[in-house]
Student: 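Sharing a structure with you now.
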Amino acid sequence: MLSDRYNPNEVEDRIYSLWESNGHFKAEDLSRKPPFCIILPPPNVTGFLHMGHALDHTIQDLLIRWKRMSGFNALWLPGTDHAGIATQNIVERELKKEGVTRHELGREKFVEKIWEWKHQYGDRIVTQMRRLGDSCDWDRQTFTLDPGVSTAVRKVFVSLYEKGWIYRGKRLVNWSGPLETAISDLEVEHKQIKGTLYHIVYPLDDGSGSLVVATTRPETLLGDTAVCVHPDDDRYRHLIGKFVKLPLTNRLIPIIGDTYVDKEFGSGVVKITPAHDFNDYKIGTKHNLEFINILTKRAEINENGGPYKGLKVQEARKRVVEDLKNLNLLVKEEPHIHSVGHCSRSGAAVEPFLSEQWFVKTEQLSTPAKRVVESGTIRFEPESWTKVYLHWMNIIEDWCISRQLWWGHRIPAWYCDSCDHITVSETDPGACGKCGKKTIKQDEDVLDTWFSSALWPFSTMGWPNETETQKTFYPTTYLVTGHDIIFFWVARMIMMGLEFKRDVPFRTVYIHGLVRDSQGRKMSKSLGNSVDPVEMIEKFGADALRFNFLAHLYSGKDFKFSETRIEGYRNFMNKIWNATRFALGNLQDFQAPAEGLKALPIKKNLSTFDEWIVFKLAAVEKKVEDSLESEHFSEAAQALYSFIWHEFCDWYIELTKPILAGPKTEERAATQLVLAHVLNRVVRLLHPFCPFITEEIYQKLPMHGQACIIDQYPTVRNDREFLAFGSAQAAFEIDLIKEVLTSVRNIRGENRISPAQKINLRLGVVDEKVQKIPSANRSSLISLGRVDNLFIGEEGSLSKCAVTLVSVGESQVKVIIPLEGLVDFDEEIKRIAKQVEKLQKDISMLHNKLSNEKFVANADEDVVAADRILLEQSRQQLTSLQDALLRLK
RNA sequence: AGGGAGUUAGCUCAGUUGGUAGAGCGCCACCCUUACAAGGUGGAUGUCGCAGGUUCGAAUCCUGUACUCCCUACCA
């Protein structure tokens, strides 16, 4: 016997083990089935599952399970990412607690520590993924530092290097002081900062006066190598070519002219610090200025800063300002809001820093990557990301791929002490490729994490070896991810896939929004507003969490998280559970016919209810299929929700209760068969959305295969034999009965007639066409309407009666309930008055519309016809209500 | 500054070729009716941001405008 509440905690682990131990997640490298493949965006190996993952994974698992059940060779390829900066950062912080720095520990020992950390926490996230129900093919799980991936990384590096598309150069890069590494443009977050604009006097060398320069970063003047004015600026034009004496250092630097300067801003004079500002860098290059680096890797002033050496940037700023004040060279300080780049990992302000780095040239790689999106070979969903992607690819700059970290793929380049040659090689060379001497040293840096991620669609499939996996599954079908990593990851996978596999890595990029808190804010540690998905799973079950996402996922939009909504879907799961309980209780003596449906003379024994629910089921299956095909997942989820709750539970189960509770007739056997079939199909339809409860239920159903997860996904094409039992005429009949019952309940509710109080009901059948329907459904009307005596076709006296005219399609039925002795009539008068008012509004609106010649002439015929019928029906309703009102008063 | 998205019920959001506005939650009333009180039945609630335009007809198409959010780039 099933408990009257569904308890996910008892079910989920057991069901997951059942799937896994039976190998249901496994895809086949060689198969006759059509392939369907999604590669999982690899989460940080030492991370934990957050809501963003939960959303992302739920969508992928939906697709995978749906396709798996639809006969595809479905592969969801999982993996984890070494996440260079993030992981190194965490371990470094842990070490700090023990009072050790990574430098003290040394590279080898430190990397060992990280591996230990990885072994300790590396399983956490995959365990959490299992709790969500992710049906990944775990045998294929890959880590970005696995030997196979390393081979791929080196091969790609060497190949691009040999083509000249990877180069080494001294460039200004974004530098994170705390992490002591370069970071990419994309890892910089701009924040609005309240700063100060300092106006500093730069005396002219010839003593003829001075210039005033405005800056927010006075300490960088130590690295100034020019001041710049606009060549058309009358105030300063004559000074171009002269020199100023740089305060605090007394270095002479030239005054140059460049249109880059905005005459209107500040004093119209800009100090140029080519080694510490991106704009100044460009000017410095253009005007051939000296590049003076004043910082160390830890963002402290170096020996070029003279007396300020050793100070951190902020301290140096204070000291410089103080010293300028003392020299009377600081003429003004004003508050100034400007945006400053911050390292997205450490949170520290980013310092533009001149250093030797490795770059990927993106010019040639980006061209085909644009083309495949323009041509539609790769499709973005929602489509609006196409424009964003193309825009970004047009302004793409070379990609700085070296990081001054220890955790990651070490750059496969060796420098020769003897001849300065750089040897780049897939295998450790042992000797210089040019002079052959063994005096070589490997580059200390590692590659940007995204470099290995960019190869993920094929490095996980055994590339550079030729494998059956690649033949079968490359290109993959979908890539599902948030819009925050389109450029970090998606664009780079496209470039690398095209370059090394000569084909796109995936066909469709499904972009979903970010999960935000209930107030629409980003979930973040610092705000303390993160919600742990595992906690939600423990509280409401994985299925409720998943359904919550799927039912409210609208193309590309951000997702506002709401716990009460999950609770609502938990209730839905319970509803399904209890419907099953009811069904099983009524199917105890049910034997599935071994011969199938044909063997039974079932058709003639079916009730109208059966024909109706099958008809509705077919409609839902069609809707679900169309919605899933077009990636409107929430439409599919909502269609199922509404069918199960509001058709199957609210009506079908209620309507068939008398049959099922009745004698063992052939009609009852037929209804049992339909009940069993519908439930079975519903469970399978729901499976990709809420896999745990559906598998648990499926295993208990009278007709079931090995496992729901690998049973066939119902569509209108499958099982035509069963769906053919559906009948539109039955649907019409039941709709009419539903309407009649609803109006009876409305009259009862509005008049506050207690459910325990039986009533008499008269149905005036206005329309010949529907004459037989009420009498055919007499028992349903009596039981669900809580009716004492039911009279059909006899209008009789309307005195002291509640009356409603019910319309379904073009047919009408008059619902009459004598109120004498039950209630006083005040409530009924109110109820009718309310309806009269609404009807009058409708009628006048419809009347105006239909008397408009242009409307009648221009609108579609069926629109006009429908309005005519509606007007006529409304008028009849109004008449009978007014009539009833008279008889009440 | 440039690009993108949004503004519909108290809240979160649907609304796919223009044809009298929908769901879930919440709210109100009544019900422990033998699957489910995590339930049942009924009910209330919207100038569809604002202003124009096209049209017989606009939440839907066009123009303008206000506000919100995101992304990219930034003035030293």
Side-chain angles (χ1 to χ4, degrees), chain A residues 2 4-6 185-186 190 197-198 213-217 220 228 260-262 264-273 277-280 336 338-339 341 382 384-385 387-388 391-392 395 483-484 486-487 513-514 516 518 520 522 540 544 551-552 554 556-562 564-565 567-586 630 632 634-635 638 641-642 649-650 653-654 657 661 741-742 745-750 752-756 783-784 786 831 834 841-842 845-846 849 852-860 862-864 866-867 870:
Chain A
L2 273 61
D4 66 351
R5 284 198 183 175
Y6 171 59
D185 294 348
L186 296 171
H190 290 271
L197 194 57
Y198 299 92
V213 168
T215 180
T216 52
R217 303 192 51 196
T220 60
C228 187
Y260 152 75
V261 177
D262 178 357
E264 307 304 319
F265 189 89
S267 58
V269 185
V270 183
K271 63 195 265 316
I272 303 296
T273 324
D277 182 279
F278 287 97
N279 289 310
D280 294 5
H336 182 70
H338 61 137
S339 88
S384 58
W385 287 107
K387 261 175 108 173
V388 181
H391 174 71
W392 189 75
I395 59 164
H483 52 68
D484 50 339
I486 293 179
F487 307 136
L514 307 177
R516 299 179 171 277
S518 57
K522 234 178 184 169
F540 301 111
H552 288 272
Y554 297 103
K557 285 193 173 175
D558 283 350
F559 189 96
K560 252 178 229 178
F561 180 83
S562 147
T564 56
R565 213 158 51 197
E567 194 181 343
Y569 291 111
R570 187 269 318 260
N571 295 353
F572 176 56
M573 297 307 146
N574 196 47
K575 189 77 179 172
I576 299 166
W577 182 254
N578 274 293
T580 305
R581 252 181 12 118
F582 171 83
L584 293 181
N586 285 281
S630 57
H632 294 151
S634 59
E635 285 181 12
Q638 286 173 11
Y641 179 97
S642 153
C649 292
D650 287 353
I653 286 182
E654 293 306 325
K657 267 179 185 172
L741 280 167
T742 301
R745 288 163 171 172
N746 171 271
I747 290 167
R748 296 188 75 120
E750 295 281 284
R752 288 160 215 263
I753 300 171
S754 118
S783 65
L784 294 183
R786 312 198 134 255
R831 184 186 77 91
K834 201 162 63 186
K841 243 191 243 169
D842 288 357
M845 197 273 295
L846 286 164
K849 209 166 155 185
N852 181 339
E853 282 169 32
K854 286 183 178 171
F855 169 69
V856 178
N858 292 325
D860 282 354
D862 38 341
V863 171
V864 177
D867 278 354
L870 199 57

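Everything quoted here is computed from the prediction, not taken from an experiment.
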Student: Rounded to whole angstroms, how far apart are CG on A:Leu784 and P on B:G42?
Tutor: 11 Å
Student: Roughly how many Å is it from CG in A:Asp650 to P in B:A37, rounded to a whole number?
Tutor: 15 Å
Student: Which listed nucleotide (B:G42, B:C56, B:U16) is nearest to the side chain of A:Lys854?
Tutor: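 Selected nucleotide: B:C56.
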Student: Atom CG of A:Asn571 to atom C1' of B:G40: distance rounded to whole Å?
Tutor: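 One finds 14 Å between C1' of B:G40 and CG of A:Asn571, rounded.
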Student: What's the spacing between A:Arg581 CZ and A:Asn574 CG if we round to 0.5 Å?
Tutor: 8.5 Å
Student: Is there a donor on the side chain of A:Glu654 or the base of B:A35 sitting less than 3.5 Å from an acceptor on the other?
Tutor: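 Such a pair is found, so the answer is yes.
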Student: Test A:Ser562 against A:Lys560 for side-chain hydrogen bond (donor to acceptor under 3.5 Å, both in side chains), laying out the working first.
Tutor: CA-CA 6 Å; A:Ser562 147; A:Lys560 252 178 229 178; over 6 Å; no
Student: Hey, does A:Ser562 reach any base, or is it just sugar-phosphate, or nothing, if we go heavy atoms under 4.0 Å?
Tutor: nothing
Student: Under 4.0 angstrom, heavy atoms only, what part of the nucleic acid is A:Phe572 near: base, sugar-phosphate, or nothing?
Tutor: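 It contacts nothing in the nucleic acid.
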Student: Mapping A:Cys649 and A:Val261 to their closest nucleotides on RNA chain B, which lands nearer the 5' end?
Tutor: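 With A:Cys649 and A:Val261 compared, the 5'-side residue is A:Cys649.
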Student: Taking the same atom, P, in B:G64 and in B:C48, what whole-Å distance lies between them?
Tutor: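 Their P atoms lie roughly 22 Å apart.
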Student: Of the nucleotides B:A37, B:G19, B:A44, which has the atom closest to the A:Asp4 side chain?
Tutor: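 So the nucleotide nearest the side chain must be B:A37.
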Student: Counting only side-chain N and O atoms of A:Lys557, is one of them less than 4.0 Å from OP1 or OP2 of B:G4?
Tutor: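 The answer is no; no side-chain N or O of A:Lys557 sits under 4.0 Å from OP1 or OP2.
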Student: Scan A:Thr742 against the nucleic acid and name what it touches under 4.0 Å (heavy atoms): base, sugar-phosphate only, or nothing.
Tutor: sugar-phosphate
Student: Determine, stepwise, if the pair A:Asn578 / A:Arg5 fulfils side-chain hydrogen bond (donor to acceptor under 3.5 Å, both in side chains).
Tutor: CA-CA 7 Å; A:Asn578 274 293; A:Arg5 284 198 183 175; over 6 Å; no
Student: For B:U72, which nucleotide in any strand shown is its Watson-Crick or wobble partner with both distances under 3.5 Å?
Tutor: B:A1
Student: How far does the P atom of B:G40 sit from the matching atom of B:U33, given to the nearest Å?
Tutor: 14 Å
Student: Looking across every strand, which nucleic acid part, if any, lies under 4.0 Å from A:Leu584 by heavy atom: base, sugar-phosphate, or nothing?
Tutor: nothing
Student: Taking atom C1' in both B:A9 and B:G46, what distance in whole Å separates the two?
Tutor: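 Nearest-Å result for B:A9 against B:G46 at atom C1': 5 Å.
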Student: Do A:Tyr569 and A:Phe540 have ring centroids that are under 6.0 Å from one another?
Tutor: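 Ring centres of A:Tyr569 and A:Phe540 not closer than 6.0 Å.
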